[in-house]
4 protein chains.
Amino acid sequence: MKTLSASAERICCLAIEHFAERGYDGSSLNDIAILANMRKPSLYAHFSSKDELYSVVFERALENERLHMQSCFDTASELNSVPGGLLVHQLAERYQASASLRCLLRAAFYPPEVLRPLISAGFEDYLAQMRQLFRPLLAQRYPQMDDTDLELYCDAWQGIVDSLHVELLYATPEAYARRLKALWRVYGDSLSLLRQGSSPYVSYITSGR
Amino acid sequence: MKTLSASAERICCLAIEHFAERGYDGSSLNDIAILANMRKPSLYAHFSSKDELYSVVFERALENERLHMQSCFDTASELNSVPGGLLVHQLAERYQASASLRCLLRAAFYPPEVLRPLISAGFEDYLAQMRQLFRPLLAQRYPQMDDTDLELYCDAWQGIVDSLHVELLYATPEAYARRLKALWRVYGDSLSLLRQGSSPYVSYITSGR
Amino acid sequence: MKTLSASAERICCLAIEHFAERGYDGSSLNDIAILANMRKPSLYAHFSSKDELYSVVFERALENERLHMQSCFDTASELNSVPGGLLVHQLAERYQASASLRCLLRAAFYPPEVLRPLISAGFEDYLAQMRQLFRPLLAQRYPQMDDTDLELYCDAWQGIVDSLHVELLYATPEAYARRLKALWRVYGDSLSLLRQGSSPYVSYITSGR
Amino acid sequence: MKTLSASAERICCLAIEHFAERGYDGSSLNDIAILANMRKPSLYAHFSSKDELYSVVFERALENERLHMQSCFDTASELNSVPGGLLVHQLAERYQASASLRCLLRAAFYPPEVLRPLISAGFEDYLAQMRQLFRPLLAQRYPQMDDTDLELYCDAWQGIVDSLHVELLYATPEAYARRLKALWRVYGDSLSLLRQGSSPYVSYITSGR
DNA sequence: TATGAATGAGTTTTCATTCAT
DNA sequence: TATGAATGAAAACTCATTCAT
C-alpha cells in the first residue's frame, strides 16, 4: 500500500467517509475538496483522478478492516470461545465506528463499474483472509470435523457475517440484535450436534446466560 | 399503486433494469430514454421527474417481488416441507431473472438520499409481509414452538435470505451454492433439535431462560 | 457529406471562421456558442463533441474549396489561357473572402493530433482532385509533353499554389503580389522552352512583361 | 539575444521541440517541466511566464536558423553554383534535424495572437537577411540582370523555399523530392533564358535533366 | 534554484429540466 | 404523446500562476 503525504492521508480519511455515505457516483470531488478545506483543483496535487482517489480509499479501507479483523481473532475474549465470536459480536459497533467498513461493503456490493476488477480482487482477498483466520480455530475446537464439515461451517459463518452486514445497512439496532441472536443460536445449535463431551463452548453458553 | 399507460409501463420496465444495474446516481434519463426508443424530454410526458420515475420503478419492483414471494409460499413443493424452503431455493434463479429483485435490493441497501423514507417504508412492508407469510407455516409445522422461538426462527430465516442476497451480489454460482447449502443445513439442524423431546439444544435454551 | 439542420449549419459557418482564426487548440466551445448566440451546452444538441464539430467544419471547408476549385477550372477566363491561371490569380481574393480556405490550410498544415488521419486523408484527396483538374488542361495545351514533364509541371504548379498560400499567411498584399508575379513568370518561362509555335500563352506573358 | 543560464538553455531546447510539435496553444508548461525533469513552478525560476518562455524559444529558434542559413551561403558546394542552391537542397534534412526550423515556421505561419508583433518582426528580419545573402550572389552570377529582375528572382527563390517548407509539413519524402525537382527545374529554366555564354549553372542543369 | 501546495479561471462534457411546437 | 432546442448547474479535469519554504 502506497504511503501518502500527511495531506493526502487527511483527504483520504475524509473521502472514505464521503464515499461510504454516498457511493462513488454520488460523491463529487468538489464536496470532498470542501470537506478538506480546499478548492477542487488542489485535490489533483494529491490524487491524479477521482478513480485514483477512490482506489486509494478502497485500499485504505480494505487494509483498515483487515487489521481490525486480525485483531478480532487475536484478542483473547470470552466471546472467542466460539470461533469468530468476537468479530461477530462487535460488528455493529465496528460498523458504526468505522467508515472503512461501510465504504468497503458499499464498494463490494455495488462497485463503480470501471473499478470493479480492482474491487473484486481486493474484496475476495479480504474474504479469503477471513476464512484463513477462522478455519484453523474451528478445526482446533472441533477436532473431529472432517474437511467437508469444516468448509461448511466456514461458509455458514461467513454467511452469517454477511447477513449481519445487510441488517446493519437498513435495519434498526433492535432488529439487528434479534438477527444476531437468532443466527448465532442456529449456528451454535448446529455445532452442538457435532460435539461430543464437554468443551469450552458449552461452559461458555451455559455460563453466558 | 398507480396504473400506468402502456408506454409508461414499457419505460418503467426498462428503467427497472437500468436502475438495477447502475443505481440511481449512475443512471441518466438520457440512457433510459434511448432504451425506450425516444428522446429524453419525452419521458416527461410520462413521469414528472427522475425522482418520480424512480419512485414508480421502486413501487413496481416491490409489487413484482411481493407477488413472487406470495407465489413461492402458495406453491406446493417438496422444498416447502421446510417453511420458506422454496423461496430460498429458487432465489438465485429469481435474482438472475428478475431486474425487480436486483433493483429492489439495491434500493433497499443504498437508497438515493432524497427517497430514503419512501424506500425504507416500502421495504419494511415487504419484509413484514415476508414474515407474515412465513410465520404461520412455521407455527403449523412446529406446533410446540412458543412465540419467542417463532420470532427467532423468523429472524434466522430472514437473515439467511439476506445472506444469500449478498452472495448473489458478488460471488460465483459455486460460492452461492455452498453458502446456501451451509446455511440451510445449519438452520435445519437447529430446527431438528426442537422436534424430539429433550435435546442439548432444548436444555440449552430452557436453562438459558 | 452529412446534411445539417439550419442551426447546425449556422454554427458550422461560425465555427469555420473561429477555427480558421484560432485553430483547434485556441478555440473554445464557449466562444463558439456565444458567437452562435447560445449557451455552451446547447452546442451539444447539434454536435456530439468538439472533435465532431471540428470534423464537420473540416469537411465543410473542404467541400467549399473543392467546389470553388472546380469553378476556377470551369470558368472561361483569359487567365486560364495558362492552365490553372485563374485559380492562381484569384487566390488572394479567395483567401480573404473564404474562411473555408483559411481553415482548410490551417488544418492541413497543423492538424489537431487526434484528427490528423481524417484531415490528412481529406486534404490529400483535395490535392489529388486539384491535380486531376489541372493535368488534362496542361496536356491539351502542350500536346508534345511526355508524361514525365506533365508530372513535373503539375508538381511545379502545385508548389506555386502552396507558396502563395504561405505568403498569404504572413505577408503583405504587396509582397504577395510580387511573389505571384515572380513565380508565375518563372513558371511561364519554363513552359515557353517547351512550346513550339505560337499560343495564347506566349502572347500573354510577353505582353505581361 | 539574452544569454541564459545552463538550465534555462536546457529548458529552452526542450521547449523548442515541444512548441514545434504542438504549437503554443497545444503545449503546457507542465509537459515542458516534466521533459526538463522538474516540477512546473520551477520553470518560473528561469522564465517569468509562458509568453516569455515562448519569446525566448522563438528568438533562439530564429537565431539558430539565421546561423544555419548563413552557413549554407558560406559553404563552398557544387550545389551553390546556382545561388541559394545548397540551402534549398538540404532543406528537407534540415527540417527533420532542426526543431528550431519547425518551431520557427509554425510560429511564423500561425503565431499566438499575443506575440504576433514580436514574431512577425523577427520573421521578417529573417526573411530580409535571407534576401540579403541571396541577392548579391545572384547579381554576381548574372551581372546582366537589372534591379527589377534581381528582385523578381529573389522573390521566386524565396517563394520556392516556402513552397518546400509547406511540402515538408504534410507530404511524403517522395512528394517533397518531386516538388523540389520540379520547382528547381522551372527556376533554372527561367534563369537560363537570361544567361548568355557558359556558366557552371548551365552544365549543372543540363546534366540534371 | 527548486518545489509542494494551492487556486481562479477556464476546459470539455453531462444532466435534469423546461418549453414551444 | 413526442421532440428539437435550449439552458443553469455541476461534473471531472487542466492550466498558468503564486507563494512560502
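First the proteins, then the strands, lettered A, B, ... as listed; each starts at 1.
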Legend entry - Nearest non-hydrogen partners of B/Leu169 and B/Tyr95, listed with the distance: CD2-OH, 3.1 Å
Legend entry - D/Ser28 or B/Leu43, whichever maps to the more 5' nucleotide of DNA chain F: B/Leu43
Inset, instruction - Please work out which of the three classes, parallel, tilted or perpendicular, describes the rings of B/Tyr110 and A/Tyr110, given edges at 30° and 60°. - result: perpendicular
Inset, instruction - Could you check how far CD1 of D/Ile34 sits from C1' of F/dC15, rounded to whole Å? - result: 13 Å
Legend entry - Shortest non-hydrogen separation from D/Ser7 to D/His46 and the atoms involved: CB-CE1, 3.4 Å
Legend entry - Interatomic spacing from CG in B/Asn30 to CG in B/Leu35 - rounded to 0.5 Å: 10.0 Å
Legend entry - N or O in side chain of A/His46 less than 4.0 angstrom from E/dG4 OP1/OP2: no
Inset, instruction - For the pair D/Arg106 and D/Glu21, find out whether any cationic side-chain nitrogen is under 4.0 Å from an anionic carboxylate oxygen. - result: no
Inset, instruction - Could you state the atom-to-atom distance from CG of D/Asp25 to P of F/dT14 in whole Å? - result: 17 Å
Legend entry - Between P of E/dT1 and CZ of D/Arg10, the distance in whole Å: 13 Å
Legend entry - Value in whole Å for how far the P atom of F/dA2 lies from CZ of B/Phe47: 11 Å
Inset, instruction - Determine which pairs satisfy ring pair (Phe, Tyr, Trp, His ring centres under 6.0 Å) with at least one residue from residues 2-41 of chain C, sequence neighbours left out, and list them in order. - result: C/Phe19-C/Tyr54, C/Tyr24-C/Tyr54
Legend entry - Protein-nucleotide distance (C/Asn30, atom CG; F/dG8, atom C1'), rounded to Å: 13 Å
Inset, instruction - Measure the distance from CG on C/Asn37 to C1' on F/dT7 and round it to the nearest whole Å. - result: 13 Å
Legend entry - Contact list for DNA chain F against residues 15-22 of chain B - heavy-atom distance below 4.0 Å: none
Inset, instruction - Taking salt bridge (Lys or Arg N to Asp or Glu O under 4.0 Å) as the test, write out the residues that go with C/Glu113, two or more places apart. - result: C/Arg116
Inset, instruction - Mind checking salt bridge (Lys or Arg N to Asp or Glu O under 4.0 Å) for B/Asp25 and listing every partner two or more places apart, or none if nothing turns up? - result: none
Legend entry - Distance-minimising heavy-atom pair for D/Pro111 and D/Ala108: CD-O, 3.8 Å
Legend entry - Runs of at least three consecutive pairs that involve DNA chain F, where pairs are Watson-Crick or G-U with distances under 3.5 Å: E:2-21 with F:2-21
What does the list of N/O pairs under 3.5 Å between the protein and nucleotides 17-21 of chain F look like, with a distance for each?
| from | atom 1 | to | atom 2 | distance (Å) |
| --- | --- | --- | --- | --- |
| F/dT17 | OP2 | D/Tyr44 | OH | 2.9 |
| F/dT17 | OP2 | D/Lys50 | N | 2.9 |
| F/dT17 | O5' | D/Tyr44 | OH | 3.3 |

Inset, instruction - Establish, with yes or no, whether the OP1 or OP2 oxygen of E/dG4 is under 4.0 angstrom from a side-chain nitrogen or oxygen of D/Arg39. - result: yes
Legend entry - First encountered from the 5' end of DNA chain F, between B/Met38 and A/Tyr24: B/Met38
Inset, instruction - Write down the atom of B/Ala36, the atom of B/Arg10, and the distance for their closest heavy-atom approach. - result: O-NH2, 2.6 Å
Legend entry - Side-chain N or O of B/Ser42 closer than 4.0 Å to phosphate OP1/OP2 of F/dT3: yes
Legend entry - Interatomic distance where CG belongs to A/Leu115 and P belongs to F/dA12 [whole Å]: 13 Å
Legend entry - Closest non-hydrogen atom pair, D/Val56 against D/Leu4: CG1-CD1, 3.8 Å
Legend entry - Atom of B/Arg66, atom of B/Gly122 and distance for their closest heavy-atom approach: NH2-O, 4.3 Å
Inset, instruction - Identify, between B/Gly26 and A/Ser7, the residue whose nearest nucleotide on DNA chain E lies closer to the 5' end. - result: A/Ser7
